[in-house]
A.B. asks: 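Pasting in a structure now, in C-alpha cells, and then I'll have a few things to ask.
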Amino acid sequence: MSVIISYNSHVVMKNKKPVIILKSVTKKYLVHHEKPTLSERIISETNETFVALNNINLTITEGESVGIVGANGSGKTTLLKIIAGIATPSRGSVCVTKRLVSLIDLTAGFHPELSGERNVYLNGMLIGMKKQLIDKKMPSIIHFADIGNFIDAPLYTYSDGMKLRLGFAIAVAANPDILILDEGISVGDLKFQFRSQQYLETFLHAKKILIAVEHKLDYIQKYCSRILIMRKGTIIADGDIKQLGIYRRSFFKRC
Amino acid sequence: MNGEVQHFLELLWGMTEKELRARYKHTVFGFFWLVANPILQMAVIGFVFTFLLKQPVKNYYFFLFIGLLVWNFFSLSLSKATPSIVYERSLIKKARFPHAVIPISIILSNFVHFFLAFLLFLFPVLFLGTLSMLSLPIILFSFALLLTFAIGLSLLVTSLNVRFRDVNFFVSALLIIWFYATPIMYALTMIPRHLLWLWRFNPLTSILQLLQMAMLGLPGPGPAMLASNVGVIIITTILGIAVFTHESKNFDDWL
C-alpha cells in the first residue's frame, strides 16, 4: 500500500463528544447471482459471501464533516447504510446518538396520486418527523421547495425538479444533526443548487455532522474537513483534507 | 419510548390513509366496488345452490354474504400484504423506520373498507330479527380475532417473501384452497362429525361461526373448536412478529 495511514490521529486531538461510534463493524452479503428459490437453497447450501465492510472502527464527533472516497465497490455506500441504520452489520456495533437524515433517494416514497401536502406528511413521518412538527413546518417546506399552489395538486403533475425540491425541503425541515449524502445533490436547476449549497453551508456552520460519499473531489474539498479513503471494505486512510491529494496521486501512480 | 410508540402509530395511520385515499382515485364508482364484489359473488353462488341444489342454510343469501365479506377482506389483505415489502423497496432503502407499518397499513385500510361494508349489510339483517343484545360483543370479538390473525399471518409471509419469493406464489395457491376449507358456502353443521377436527386448524372457522351466530342465530363454534382456532391465531401471530422482527434487520440485503 502506497498510502500513508494516519488512522484516527486527529480525532484524539480534538477531544469532542463522539456522536457516531462504529466498533469492529463487518458486513457480509450473500452472493446471489439470482434470487435463490426455496428448493435451490435446500439442495445446494452455497454460502458464497462477499465482505463489503471488514472490521471498521470509526468515531465521528460533533462538528465534523466527513468525505468518503474510494473506488466503486470499496464499501462506501454500505458504510453509509450502516450508519443510517438502513442495513444491519453482520458483526460489530453501531451507535448513533443524534437525529440522522439521509438524502439518499429524495423522491422515494412519494405517491403519485396523492397531493403534495399528503406526500409531505407521509415522507416526513418516514424520515422520523412527528406529525405535529410537520404541521408547524408546512409553510416553510412549501416556501423552501418553491412549489406554491402546486402543493394541493397530485404529485404526478409535478416536474422531476419539483419532486426533488419537495424531497429536499422535507429533509431540511426535519432539522437533522447528521446529514448523509450519497453522490451529492448537485441536481436540479441553478436556483435549487444555490439553495442547497446555502443550506449545506449554514448546516456546517452550526457545527453539525455531514457525511458525504462523492466522486467529484472538488465537492469533497469544498465541504469536508475529514477524509476517509476506502478500499476493499476497509478504511485505508483517515485524515484531514491533505489525504485527498494523496488519494489523487495514488490513483495516478497506479494507472 | 412513548415517543417511539406515538411515532409508530402516526406513521401507521399515515400509511393507512394513503392506502385509503389512493385506492379509489380515478374510479367513477369508488367505494361501490367494495360492496359490488361480494354482491356479485353472492348472487352467483346463491343461484347455483338455491336453484340447482337445495338451499343448505336458512337465510342462505345472508349467510353467503357474511362469509364472502370476511373472505374478501382476508384474501385481499393477504395477497396484497405478502409482496408489500418487496414492492416498497425504495422506502426500505431510503430511511430507517419501523418496517411493520407497510403490511399492517395495507391490512388496516382493507379493514376500514370491510367494516364500512359490514355496517351497510347490518341494515337488511335488522329486518330478519335475528340480532340480539349479545350480538355486539360477539361481533367485536370475532373482528378482533380476524384482525389479529390477518396481521400476524401477513407479518410472517411478507418477511419470508423477501428472501424466498416463492412465498407469494404459495400464498396465492393456498388462498384458492383456503376458500373451500372455510365455511363460507356451507355451514359447519353439514360436515360429518369425524371430520370436524380438520377445521380446527383453520381459524377462519370460528371467526365465521361467531358472526353467523351473532347475526343469523345459527349455532356458534364449540369450545374445542374455538379454543384450537384461537390457539392457532396466537401461535401464528407470535411467530409472525418474531420472524418479522428478526428478518426486518436484513431486508436491505435482499432488495
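Since we're looking at a predicted model, the values are computed, not measured. Numbered from 1 within each chain, the chains take letters A, B, ... in sequence-line order.
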A.B. asks: Has the side chain of B:H7 got a donor or acceptor atom that lies under 3.5 Å from a matching backbone atom of A:K130?
C.D. replies: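 Side chain of B:H7 to backbone of A:K130, a donor-acceptor pair under 3.5 Å: no, none is there.
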
A.B. asks: To the nearest 0.5 Å, tell me how far B:L91 CG sits from A:I127 CD1.
C.D. replies: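 The distance works out to 12.0 Å.
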
A.B. asks: For B:K94, what residues pass the salt bridge (Lys or Arg N to Asp or Glu O under 4.0 Å) criterion, not counting sequence neighbours?
C.D. replies: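 Checked B:K94 against salt bridge (Lys or Arg N to Asp or Glu O under 4.0 Å); zero matches.
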
A.B. asks: Minimum heavy-atom separation for B:R21 to A:L114, with atom names?
C.D. replies: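 That would be CB-CD2, 3.6 Å.
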
A.B. asks: Determine the minimum heavy-atom distance between A:I86 and B:R96, stating which atoms define it.
C.D. replies: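 So the minimum-distance heavy-atom pair works out to CG1-N, 4.3 Å.
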
A.B. asks: Would you mind checking if A:K81 and B:D252 are paired as a salt bridge, meaning a charged N to carboxylate O distance below 4.0 Å?
C.D. replies: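 Looking at B:D252 and A:K81, the cut-off is met.
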
A.B. asks: Report yes if the side chains of A:K27 and B:D253 come closer than 4.5 Å at any heavy-atom pair, otherwise no.
C.D. replies: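 Yes. Closest side-chain heavy atoms under 4.5 Å.
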
A.B. asks: Counting only heavy atoms not in B:F170, do more than 12 sit closer than 6.0 Å to its CZ atom?
C.D. replies: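 Atom CZ in B:F170 is not crowded, with 12 or fewer foreign heavy atoms closer than 6.0 Å.
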
A.B. asks: Measure the CD-CD1 distance between B:E10 and A:I134 for me, rounded to the nearest 0.5 Å.
C.D. replies: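 The CD atom of B:E10 sits 7.5 Å away from the CD1 atom of A:I134.
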
A.B. asks: Side chain, backbone, both or neither: which part of A:A84 has a non-hydrogen atom closer than 4.5 Å to chain B?
C.D. replies: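 Backbone only.
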
A.B. asks: Looking at A:L126, A:D105, A:I104, which makes the most heavy-atom pairs under 4.5 Å with chain B?
C.D. replies: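 Looking at each option in turn, the highest pair count goes to A:L126.
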
A.B. asks: Does anything in residues 125-144 of chain A form a ring pair (Phe, Tyr, Trp, His ring centres under 6.0 Å)? List the pairs, not counting sequence neighbours.
C.D. replies: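 Only A:F144-A:F168 qualify under ring pair (Phe, Tyr, Trp, His ring centres under 6.0 Å).
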
A.B. asks: Minimum heavy-atom separation for B:S90 to A:G109, with atom names?
C.D. replies: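 Heavy-atom minimum between the residues: OG-N, 4.2 Å.
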
A.B. asks: Could you look at A:Y29 and say if it's the side chain, the backbone, both or neither that has a heavy atom under 4.5 Å from chain B?
C.D. replies: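 For A:Y29, the contact with chain B is made by the side chain alone.
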
A.B. asks: Could you tell me the separation between the NZ atom of B:K18 and the CE atom of A:M125, rounded to the nearest 0.5 Å?
C.D. replies: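 Answer for the NZ-CE pair, B:K18 versus A:M125, is 11.0 Å.
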
A.B. asks: List in chain and number order the residues that pass side chain to side chain contact (heavy atoms under 4.5 Å, CB included) with B:S248, two or more places apart in sequence or in another chain; answer none if no residue qualifies.
C.D. replies: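 Once residues adjacent in sequence are excluded, the partners of B:S248 under the side chain to side chain contact (heavy atoms under 4.5 Å, CB included) criterion are B:H99, B:F244, B:F251.
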
A.B. asks: With chain B, which of A:I180, A:N123, A:V101 has the greatest number of heavy-atom pairs at distances under 4.5 Å?
C.D. replies: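 If we count pairs closer than 4.5 Å to chain B, A:N123 comes out on top.
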
A.B. asks: By a 4.5 Å heavy-atom criterion (distance strictly below it), what part of B:E88 contacts chain A: side chain, backbone, both, or neither?
C.D. replies: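 Contact with chain A is absent: no heavy atom of B:E88 under 4.5 Å.
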
A.B. asks: With a 4.5 angstrom heavy-atom cut-off, is it the side chain or the backbone of A:N119 that approaches chain B, or both, or neither?
C.D. replies: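 A:N119 has no heavy atom closer than 4.5 Å to chain B.
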
A.B. asks: Taking everything shown except A:K23 itself, do over 12 heavy atoms lie less than 6.0 Å from its NZ?
C.D. replies: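 No - once you tally the heavy atoms of other residues, nucleotides and ligands closer than 6.0 Å, there are 12 at most.
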
A.B. asks: Counting only heavy atoms not in B:K93, do more than 12 sit closer than 6.0 Å to its NZ atom?
C.D. replies: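 Check passes, neighbour count above 12.
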
A.B. asks: In residues 195-206 of chain B, which residues are in contact with chain A at a heavy-atom separation under 4.5 Å?
C.D. replies: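 Against chain A, none of the residues of residues 195-206 of chain B fall inside the cut-off of heavy atoms under 4.5 Å.
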
